[in-house]
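So you know, we letter chains A, B, ... as the sequences are listed, proteins then strands, and number each from 1.
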Amino acid sequence: MSDNQEPLAVIALTLPDGSVKTFPTGSTGNDVALSIGRKLAQDALALKVDGVAIDLNTHLTADAAIEIITFSSPDGPNIFWHSSSHLMAQAIEELYPGSKFGAGPSIEQGFYYDVASEHRFREEDLRKIEERMLEISKRDIQIRREEMNRIDAIEFFKSVRNDPYKVEILEDTLKSVERVSLYHQDGFTDLCIGPHLPSTSKVKAVLLTNISSSYWRGDSARENMQRIYGITLPSEKLLKEHVARLEEAKRRDHRKLGAELELFMLSPEVGSGLPIWLPKGAIIRNELEAFLKEEQRKRGYLPVYTPHIGNIELYKRSGHYPYYSDSQFPPLTYHDEEGKQEQYLLKPMNCPHHHLIYSSKMRSYRDLPLRLTEFGTVYRHEQSGELNGLVRARGFTQDDSHIYCRPDQLVDEICSAIELTQFVFGTLGFSEVQTRLSMHDPENQAKYGGTAEVWEQAEKDVKEAADRMGIDYFIGVGEASFYGPKIDFIVRDALGRKWQLGTVQVDYVMPERFDLTYTGSDGQKHRPVVIHRAPFGSMERFIGVLIEHTAGNFPLWLAPVQAVVLPIAEDVHDYAKSVHQALLEAGIRAELDTRSEKIGKKIRDAEISKIPCMIVIGQKEQESGEVSLRRHRIGDEGRFSVSGLIDKLKQEITGRT
RNA sequence: GCUGAUGUAGCUCAGUCGGUAGAGCACUUCCUUGGUAAGGAAGAGGUCAUCGGUUCGAAUCCGAUCAUCAGCUCCA
């Protein structure tokens, strides 16, 4: 037809394995995927071109390094879930006309959409929406990207879509952006940067999980919206696996296990957020405290004790009272006979007390570093909606130490605090520890104490220490406390959930406020620097996370009951009693089960109680003067002499393995 | 604190239309003496979260309070 003599233009695309393939210019990611294989084309969600994710059906016109994004690619779930939020919005719009849409991003485990609707969404509506989403998926609607000027987009969302929230985003958040992109799927259109799935049909399985509320743009002065959470997956099978993981998380919930294993309790008669440690939970806490005390003794820490309340002036001086007055219990007010008034605060933190210990006598540069340590119980009036078992409580105990040192000692001291924290986490089996350097937000200087120079120095020191310890960290801007930057340790539990536990914080501000000094070699007064550090963070939170991490299967050294002696029948009760006694004398926490139950029942009960060692005793053991050891979740480990068993268990306990 | 949901025996949960409560497990007693995840029988156990209202009558309907759960906001 054409008299065009030019050869057909081709482009060279480099695949992730390094091979180069040529395609006609204008080919799409779908063409590329098809050329590699049918399965890949089915799984393809989007395309990465020179490291940038774009829509699968974008026409390629230049040589590039490309990569097909599937659900198992690092960017896959994010794109999948973001498109799913649009799919959900379309379903909601079809079912509940007039609903307006706010923000609908993908999140770590799925997506949500904030909806303003006259309809009050209920649990049963979620099932209807799920059904509609799957139906829309079956319609196999092509998702089409359209770019337009911001002004045109505003007009579009005003007149065609009638969606005021999108208009607000365009007029405000995006006001300096020229061109924006819209994604159309049938009558539904969303403002979105993309990329998105090529078609609604990629979504094969839907689970809408819950409804909650949110404020438009996170601002409590703005209107409330209904936030609907969900997760979608590219197959039914993957959804089933996801649901199984959720159930596993539920089974490990420390609140549930804490009650079942009789570790702690919460009672409205005591007050919400005020946990009570039951005997078995207290054993775990005791062991952990003894462990840390031992390690701290080796590292030159000095234990102190301070009262649970303090004069309010102390906290005004430290700056905590004005700064955190919302989250403290109200002051206790005391009048003496002359009518003189004094106010006391349940202590929300330990540092001011420790600072007073520091300044109780003259300190020489030779005395530093001074490391004061205390398991200090503090009380904070956390918002009621925040309370969560042991993990977020109003009364809790920090493994709090304050290290007073010279500036030239600071980095060394930060390093040794990091080392201790890593040692603690390693011993407790948290292998995946993330470290965040929590820096201040220079945009919001008013939030912090101290001068800009002091902050610069403190952040430099923190970084230097982190680098020297070779830790892999990321920076959290705006995560610092008001008096200084922090190194926060975030662990993942056995189910991959993240928890912030230990912390190391640098503080140049409190030494000023409390006028802390030491005499230098020059005979002059100098300011020490303070490090606040807590490897566990809070005993309550740490143990809550540990319960979930171990699913209640504690290592032998922490187990509230380490062994239970299970006689098979009454004729060996005397022997069983002597074994039980021997275990107790060896310092092993042992119980004896002399109920008239069969051995199967006794074992089952011990397994459910998650007791690490079951000592089974019958005629054979009695005759040979031995015992049989059965391990929790493992099974029969054979016969041992009583002393052999005790040695074995003691070794395991002292090794904290 | 905000939005929504929930609250029945120690635990997990039934309980219809408003007619004063039921199961399994756990517990107690008795029988059973059994070799590696549940032996049998009987018994006891509840101011249906609390307070108030509607009603001849409330676990059930309404309101308030408390607590818990999910999420938002916050976290020295």
Choosing from B:C74, B:G35, B:C72, which nucleotide comes nearest the side chain of A:Tyr229? B:C72

Is there a donor on the side chain of A:Ser596 or the base of B:U32 sitting less than 3.5 Å from an acceptor on the other? yes

Assign A:Tyr483 to base, sugar-phosphate, or nothing according to its heavy-atom contacts below 4.0 angstrom with the strands shown. sugar-phosphate

On the 0 to 90° scale, with breaks at 30° and 60°, tag the A:Tyr96-A:Phe121 ring pair as parallel, tilted or perpendicular. perpendicular

Would you list the protein and nucleotides 24-28 of chain B atom pairs, both N or O, that sit under 3.5 Å from each other?
| from | atom 1 | to | atom 2 | distance (Å) |
| --- | --- | --- | --- | --- |
| B:A26 | OP1 | A:Lys601 | NZ | 2.7 |

What contact category does A:Lys620 fall into here, base, sugar-phosphate, or nothing, at under 4.0 angstrom with non-hydrogen atoms? base

Decide yes or no on side-chain hydrogen bond (donor to acceptor under 3.5 Å, both in side chains) for A:Gln328 and A:Tyr379, but give the supporting numbers first. CA-CA 7 Å; A:Gln328 281 160 6; A:Tyr379 298 91; over 6 Å; no

Holding to side chain to side chain contact (heavy atoms under 4.5 Å, CB included), I want the full list of residues that pass it with A:Ser609, two or more places apart in sequence or in another chain. A:Ile611

What does A:Gln619 touch in the nucleic acid at a heavy-atom separation under 4.0 angstrom: a base, only the sugar-phosphate, or nothing? base

Considering only atom P, compute the distance from B:A58 to B:U50 and round it to an integer number of Å. 15 Å

Under 3.5 Å, is there any donor-acceptor pair linking the side chain of A:Arg392 to the base of B:C75? yes

Reading 5' to 3' and counting Watson-Crick or G-U wobble pairs with both distances under 3.5 Å, write the dot-bracket notation for RNA chain B, | for bases paired outside the strand. (((((((..((((.....[..)))).(((((.......))))).....(((((..]....))))))))))))....

Distance check, C1' atoms only: B:U20 and B:U28, in whole angstrom units. 28 Å

Just jot down the side chain to side chain contact (heavy atoms under 4.5 Å, CB included) partners of A:Arg527, sequence neighbours excluded, or say none. A:Pro511, A:Glu512, A:Asp515, A:Thr517

By side chain to side chain donor-acceptor pair (under 3.5 Å), A:Lys256 pairs with (sequence neighbours left out) A:Glu260

Toward the 5' end of RNA chain B, by each residue's nearest nucleotide, A:Asp571 or A:Ile608: A:Asp571

Using only atom types and a distance under 3.5 Å, with no angle test, would you say the side chain of A:Arg541 pairs donor to acceptor with the backbone of A:Gln500? yes

Which nucleotide wins on minimum distance to the side chain of A:Ile568, given the candidates B:G34, B:A37, B:A76? B:G34

Once side chain to side chain contact (heavy atoms under 4.5 Å, CB included) is applied, do any residues pair with A:Arg639, and if so which ones, sequence neighbours excluded? A:Lys620, A:Glu621, A:Ser624, A:Glu626, A:Ser628

Rounded C1' spacing from B:C11 to B:U3 in Å: 31 Å

In chain order, what residues pass the side chain to side chain donor-acceptor pair (under 3.5 Å) check against A:Thr306, with sequence neighbours excluded? A:Lys347, A:Glu374

Distance between the C1' atoms of B:A14 and B:G71, in whole angstroms? 29 Å

Testing B:G35, B:C72, B:A38 for proximity to the side chain of A:Tyr215, the answer is B:C72

Classify A:Phe482 by what it touches in the nucleic acid, base, sugar-phosphate, or nothing, heavy-atom distance under 4.0 Å. nothing

Between B:C51 and B:A59, how far is it from one C1' atom to the other, in whole Å? 16 Å

Between A:Tyr404 and A:His354, is the gap from one ring center to the other below 6.0 Å? no

State which residues pass side chain to side chain donor-acceptor pair (under 3.5 Å) with A:Ser84; sequence neighbours excluded, sorted by chain then number. A:Thr232

Between the base of B:G35 and the side chain of A:Glu621, is there a donor-acceptor distance below 3.5 Å? yes

Output all residues satisfying side chain to side chain contact (heavy atoms under 4.5 Å, CB included) with A:Arg595, sequence neighbours left out; order by chain, then residue number. A:Asp593, A:Glu597, A:Lys602, A:Asp605

What's the spacing between A:His440 NE2 and A:Glu443 CD if we round to 0.5 Å? 10.0 Å

Member of A:Phe536, A:Phe542, A:Trp499 meeting the ring-ring contact (aromatic ring centres under 6.0 Å, His included) criterion with A:Phe430: A:Phe542

Do other residues, nucleotides or ligands put more than 12 heavy atoms under 6.0 Å from A:Tyr305 OH? no

Quick check, are the ring centers of A:Tyr165 and A:Phe101 under 6.0 angstrom apart? no

Write down the distance separating the C1' atoms in B:G7 and B:G46, rounded off to the nearest Å. 14 Å

Is there any protein nitrogen or oxygen under 3.5 Å from a nitrogen or oxygen in nucleotides 7-10 of chain B, and what are the pairs?
none

Test side chain to side chain donor-acceptor pair (under 3.5 Å) applied to A:Glu168 - qualifying residues, sequence neighbours left out: A:Trp216, A:Arg217, A:Arg222

Shorter than 3.5 Å, N or O on both sides, protein versus nucleotides 67-69 of chain B: list them out with atom names.
| from | atom 1 | to | atom 2 | distance (Å) |
| --- | --- | --- | --- | --- |
| B:C69 | OP1 | A:Arg255 | NH1 | 2.8 |

Which residue lies toward the 5' end of RNA chain B, A:Gln500 or A:His573, if each is placed at its nearest nucleotide? A:His573

Phosphate OP1/OP2 of B:A76: any A:Tyr324 side-chain N/O under 4.0 Å: yes

Using a cut-off of less than 4.0 Å, is there contact between a side-chain N or O of A:Arg630 and OP1 or OP2 of B:A37? yes

Sugar-phosphate only, base, or nothing, as touched by A:Asn210 at under 4.0 Å among non-hydrogen atoms: sugar-phosphate

Does a side-chain N or O of A:Lys486 approach OP1 or OP2 of B:A76 to a distance below 4.0 Å, or not? yes

Pick the C1' atom in B:C13 and in B:G4, then give their distance to the nearest Å. 23 Å

Within the structure shown, what part of the strands sits under 4.0 Å from A:Ser628 by heavy-atom distance: base, sugar-phosphate, or nothing? base

Any base atoms under 4.0 Å from A:Gly600, or only sugar-phosphate, or nothing? Heavy atoms, all strands. sugar-phosphate

Atom P, compared across B:A23 and B:A64: separation rounded to whole Å: 36 Å

Touch check for A:Gln226, heavy atoms < 4.0 angstrom, all strands: base, sugar-phosphate only, or nothing? nothing

